[in-house]
Enquirer: 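Mind looking over this structure? Questions follow.
Throughout, a chain's letter reflects where its sequence line sits, starting with A, and its residues are numbered from 1.
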Amino acid sequence: MELSKELLIDLYTTMVRIRRCDEKVIECLFAGKLITFYHSCQGQEAPGTALGRSLRKDDYLYYNHRGHGLPKVLPKGMSPKTFIAEHYGRATGAAKGYAGFHNCDIEIGIPGMGGMVGGEATLAAGTALACKLRGKGQVTANMFGDGATGRGPFHEAMLMSATWKLPLIWCVENNRYQQWTCISLTHPKEDLADFAHGYGIPSAVVDGQDVIACYEALQPAIERARAGKGPTLLEFKTYRFRPHVEGFPDFSVQCEGGCRPEFEVEEWKKRDPIKLMEATLLEKGVLTEADIERIHREATEEMEEADRFSADSPWPDPKGLDQALYAD
Amino acid sequence: MELSKELLIDLYTTMVRIRRCDEKVIECLFAGKLITFYHSCQGQEAPGTALGRSLRKDDYLYYNHRGHGLPKVLPKGMSPKTFIAEHYGRATGAAKGYAGFHNCDIEIGIPGMGGMVGGEATLAAGTALACKLRGKGQVTANMFGDGATGRGPFHEAMLMSATWKLPLIWCVENNRYQQWTCISLTHPKEDLADFAHGYGIPSAVVDGQDVIACYEALQPAIERARAGKGPTLLEFKTYRFRPHVEGFPDFSVQCEGGCRPEFEVEEWKKRDPIKLMEATLLEKGVLTEADIERIHREATEEMEEADRFSADSPWPDPKGLDQALYAD
Amino acid sequence: MREIKYMDAINEAMKEEMSRDETVYLIGEDVSQDIWGTSCDLFEMFGSERVRDTAISEAAIIGSAVGAAIAGYRPVVNTMFADFAMCGADELLHKAAKWRFTHGGKIRIPMVVRAPAGGYSRLGPEHSQCPESLFMRTPGLKIAMPSTPYDAKGLLKTAIRDNNPVIFLEHKNLMGHTGPVPEEEYLVPFGVADIKREGTDVTVVATGFMVSLAQEVAEVLQQDHDVSLEIVDPRTLEPLDLDTILASVRKTKHLVVVDEETSRCGPAAEIGMLVMENAFDYLDAPIKRVAAANYPIPGGYLEQFVLPQPQAMADAVAAVLGREKLDLQGKVVAKGAM
Amino acid sequence: MREIKYMDAINEAMKEEMSRDETVYLIGEDVSQDIWGTSCDLFEMFGSERVRDTAISEAAIIGSAVGAAIAGYRPVVNTMFADFAMCGADELLHKAAKWRFTHGGKIRIPMVVRAPAGGYSRLGPEHSQCPESLFMRTPGLKIAMPSTPYDAKGLLKTAIRDNNPVIFLEHKNLMGHTGPVPEEEYLVPFGVADIKREGTDVTVVATGFMVSLAQEVAEVLQQDHDVSLEIVDPRTLEPLDLDTILASVRKTKHLVVVDEETSRCGPAAEIGMLVMENAFDYLDAPIKRVAAANYPIPGGYLEQFVLPQPQAMADAVAAVLGREKLDLQGKVVAKGAM
Ligand SMILES: Cc1ncc(C[n+]2csc(CCOP(=O)(O)OP(=O)(O)O)c2C)c(N)n1
Ligand SMILES: Cc1ncc(C[n+]2csc(CCOP(=O)(O)OP(=O)(O)O)c2C)c(N)n1
Ligand SMILES: [Mg+2]
Ligand SMILES: [Mg+2]
């Protein structure tokens, strides 16, 4: 598969924007400006970018708590303004300030997030069913962490999607940790893609640091779904560069010296998805150092603007509570 | 594996007793003597018999609603008296008349049944954990229908058992139907044993009409569990000869002419586990026609006696409700 | 007016709404058949795309309904037994009930969960519940609880058209009850109580199967003891028509709340409390509740000692009126579906 | 007496009981660490066999605890957030609560589910609940809800020794609160309310975090308005010490029930109803409840409009006393854990 120059630049730029947005949110958090907490997605920009940029606007995308969806919803088209404003708890936020960290924009196929890890899987099956019934070639994707595969509803949803050949792309970002617990303590196998076997659906293990590899792995899965041939399970091997949640150290009494060995973190940081892509694009001559500098600068400015927008936005009005509770 | 003559006779006799007990319960039901309903297990005597006769008294066995556990609990040592008395709703019943169809005898390792299909799986994982922690070589078995594999908690429990190498034998009686819905409408694959792959545990598909095959398949799984090597998933292909629940025809508008095609039922009835074993034992010269006649007669008498016992037993006393609710 | 069965009224509502709106579909285990008799011809009429039999997977059934509703469909789930809904508790109580609110009201979740409820068939703790309080304590859900064929049809049609998740507690024991149902189309609005019987001495608030029991009890009390009960059926527990209840209490000065749900933290407690908060000075005696005793519902013979019985209703009426025992002499019996 | 933190009191109870009885083990996600700080040295002391980190699988965690309890162990589950327990609802509300009863009392299920509960940290509907009514409506469970380090330690030790499933609602916001806890071993019995403050004008029944808020409110009302509150903390909601509540109400003639749970069908409704049923004639005014408004708990800024606030308590006191507003002038603030 030969990706166009435009697409390569787009993937790279998107990842840079995600990184800058994530950094901005963390900066605001530590400045005491945000209403709740934050789970950084640094290091995990590639799979979501590849997914979000592969989907149509009228496709649906369910995300999880990592970056509060940032690496998926920004590529799908959500503006950093509404994303950051939600974290400020403002009425202009992606959940009108009702959530603080769940982000929703149904107009661009982002139905939102629940509070339970893995809880989106069954909803994704239903949304995929709606796509199928509607018959317009829409698909649904659900991207989640390795931890979510422990939950029963995920397996119920896999079964439903496989049986009914739903247009669904299951994407697991396996970063080897659920909070502070290593996957070796919770899962007997290395590859979560192996779960596909019981459901008789195709699967693949993908280098989650290589956005091109992610993109290439997604295309056949999405095509399969659009063609009515059913779901696929893709496993992206990836890693988070920062702690599970900002402000809490990544510590576990189970493991000597913290939950993740220093060398492991260092090894993975060498495979920063943005740096890897940068090197590829420079090598291919798709981008110059100057282009890169500009992309980073623009992303930084975009996030500063989003920050200002958020800080200037009003609080939600409690008079809206009833209308939020029940639709007319 | 060469099974001893005694064991062969025991397996055969046990299956006959199960069949007679099942028939007796149905007879009582239609005579209006029982307190609730009944899900006959005729045709499915072999897997439970092989399992129940393979376990130690201090092993644990979780069963499901099929025959309300009859083909598992009778081989494990429960008396038909308490089993039938429970169906009469009497104080002498296996749940003291509190349930009408759940049967419990913790002294012989039968913790009981819940009302949710597949709901025993997570309990079985915990009981297996207790076995492991206690370190006395006890194991836990859970036998359930194909329908139970649709439920998330089953998958959560599989994962737990595989990760912690729990002494657990997962036994699915795949009779191809959940209530009136054919497995082809609910599961993408023929073999439920394939679920084992995702959890990295051994599995096997077994002829569930051949009690010797069932027995032989169970031994390595039980040994593995006792040796601390972890769980196994065994799938027994079997069939129920009677409707899902007595009194309701096996009918589904989804399928022409009822939920199970006539010819399918007829084909399977040719493989009646009792008849198959009878032929084997006659051929091997282990039993004579006269032995067989005696075994059947004794089983019939045993169930008549159990029926009389049940009919003569008292109702439970409502004064016991508080004590049943909370233990001291 | 023609009389039809409660189950047939439900069937008619399903058929009319599925014909009217092709985004409506039915989903659940064996829903093409339905053990309670409400499906019969739906599969034939609408086929397997719109009458969807599933694996035993309540979480996926309910959760998928939420996901389809968000994407513009109007799923109707049938859980077979209300109890089984607990296997999709997170999906129902968190996702269905709260997803819209969590996202500031930016999406709609038009779905119905039909939950065949109720006891008296001696089926034990996990096949007999009438879990109203579970849903009442969960803002974001609406709750309909029809006591007659008329209400069943009209409320179900309203439920399917509602743009919010609705729990529809159809009572197993009422399935075979018959009652007048017009040929013409009609809807029963949510939040409008129905006075099922007018009376002067005691207000009895009752829902679902309890309404029919209360009506029989009222008949006997009137005939044998000259006591006049006013039976108020809220029909929906959320929204709740408190005004009609209060008006009746202001008239009779006495309140008994009858409910099949477990007493503790049940609808009877809530309704009793609301009346106290809003009409304390009108009450001539403390409110009495008649509900299931605080035990799981035992199977078999013992069930009768836990689920509310007709004589207990009469006893409560006697208590609020400060009268000696009002004996029904066994003239009213609570009968189950099996 | 020495003063220690609530979280350390919980830790001590765990350590003492795990040392005393080797059938006790701790299980849940990241329990070797515990985000609320109650675990610290447990893993070091007892190792991975007795401090068991699991996959994200609440159904398996809770269900396995039931199975292990039946087989003679005493599992202590920690759900991290009380909300997450709903992912194992069938396991908790059907299996743990009813399995013994269903089988005629032939088995015992000694297990504890520690459910860190409560809001005020603006974490939204699925990380803020205090789901007492869910458990109260489920006979078969016991429910402890400590409001002080002393109660936390004593109740947890009792919970672990109890032969029944106990829900232990440890409040996130209390984790850092300090209070006197004896060095010597002690137990706090279930079903014995504690009068946290004596008073004469109004009885305030409160649990968990609400106790500490009510105490602050009481202080201000005493100082600034000369109103005397008596604060009764039931400590366990099942069993419930109704006698102590009634005795206090008979004395003060006024009752406010303060509870963090959603108002509808909540503990405040149940306790209010029980008091009406048992002490109607002693009440000089209708009972008032202060509880969460009937919405999901919003995240962020809006949370304060849904969860009970100190001034609402003062308003309720004013209402039952028939007084004008009793203004706290913002002197009491409800602070979250984050
Ligand atoms: C049902 C449920 N259990 C536990 C949690 C608490 N929790 C939040 S994030 C998390 C770890 C998730 O791990 P994973 O799915 O691998 O995603 P990652 O954080 O690694 O990106 C946990 C346990 C939760 N939110 N929901
Ligand atoms: C959670 C749950 N959903 C649905 C039911 C209703 N139900 C009882 S038995 C049954 C079919 C079970 O099929 P299977 O597990 O294959 O066992 P079989 O009856 O074939 O032996 C169903 C759907 C239930 N008891 N629990
Ligand atoms: Mg992870
Ligand atoms: Mg089956």
Enquirer: As an exercise, state the distance from OG of Ser263(D) to CE of Met136(C), rounded to the nearest 0.5 Å.
Expert: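 Answer for the OG-CE pair, Ser263(D) versus Met136(C), is 10.0 Å.
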Enquirer: Considering only heavy atoms, which portion of Phe101(D) lies under 4.5 Å from any heavy atom of chain C: side chain, backbone, both, or neither?
Expert: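 Just the side chain, heavy atoms under 4.5 Å.
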Enquirer: Which bit of Ala285(C) comes within less than 4.5 Å of chain D, counting heavy atoms only: side chain, backbone, both or neither?
Expert: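 Just the backbone, heavy atoms under 4.5 Å.
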Enquirer: Where on Leu274(D) is there a heavy atom nearer than 4.5 Å to chain C: the side chain, the backbone, both, or neither?
Expert: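 Contact with chain C involves both backbone and side-chain atoms of Leu274(D).
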Enquirer: Any idea which heavy atoms bring Glu270(C) and Ala269(D) closest together, and the distance?
Expert: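 Here Glu270(C) and Ala269(D) meet closest at OE1-CB, 3.9 Å.
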Enquirer: Less than 4.5 Å apart, any side-chain heavy atom of Glu126(D) and any of Lys95(C)?
Expert: yes
Enquirer: Using heavy-atom distances under 4.5 Å, tell me whether Glu91(C) contacts chain D through its side chain, its backbone, both, or neither.
Expert: neither
Enquirer: Sort out for me which of Ser133(C), Gly272(C), Pro267(C) touches chain D most, counting heavy-atom pairs under 4.5 Å.
Expert: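 Answer, by heavy-atom pair count under 4.5 Å with chain D: Ser133(C).
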Enquirer: Identify whether the distance between the nearest side-chain nitrogen and carboxylate oxygen of Glu132(D) and Arg137(C) falls below 4.0 Å.
Expert: no
Enquirer: Hey, are the side chains of Pro286(D) and Glu277(C) touching, using non-hydrogen atoms and a 4.5 Å cut-off?
Expert: no
Enquirer: Is Ala85(D) close to chain C through its backbone or its side chain, or both, or neither, when contacts mean heavy atoms under 4.5 Å?
Expert: neither
Enquirer: For chain D, which candidate among Ile287(C), Thr102(C), Asn278(C), Thr262(C) shows the most heavy-atom pairs at distances under 4.5 Å?
Expert: Ile287(C)
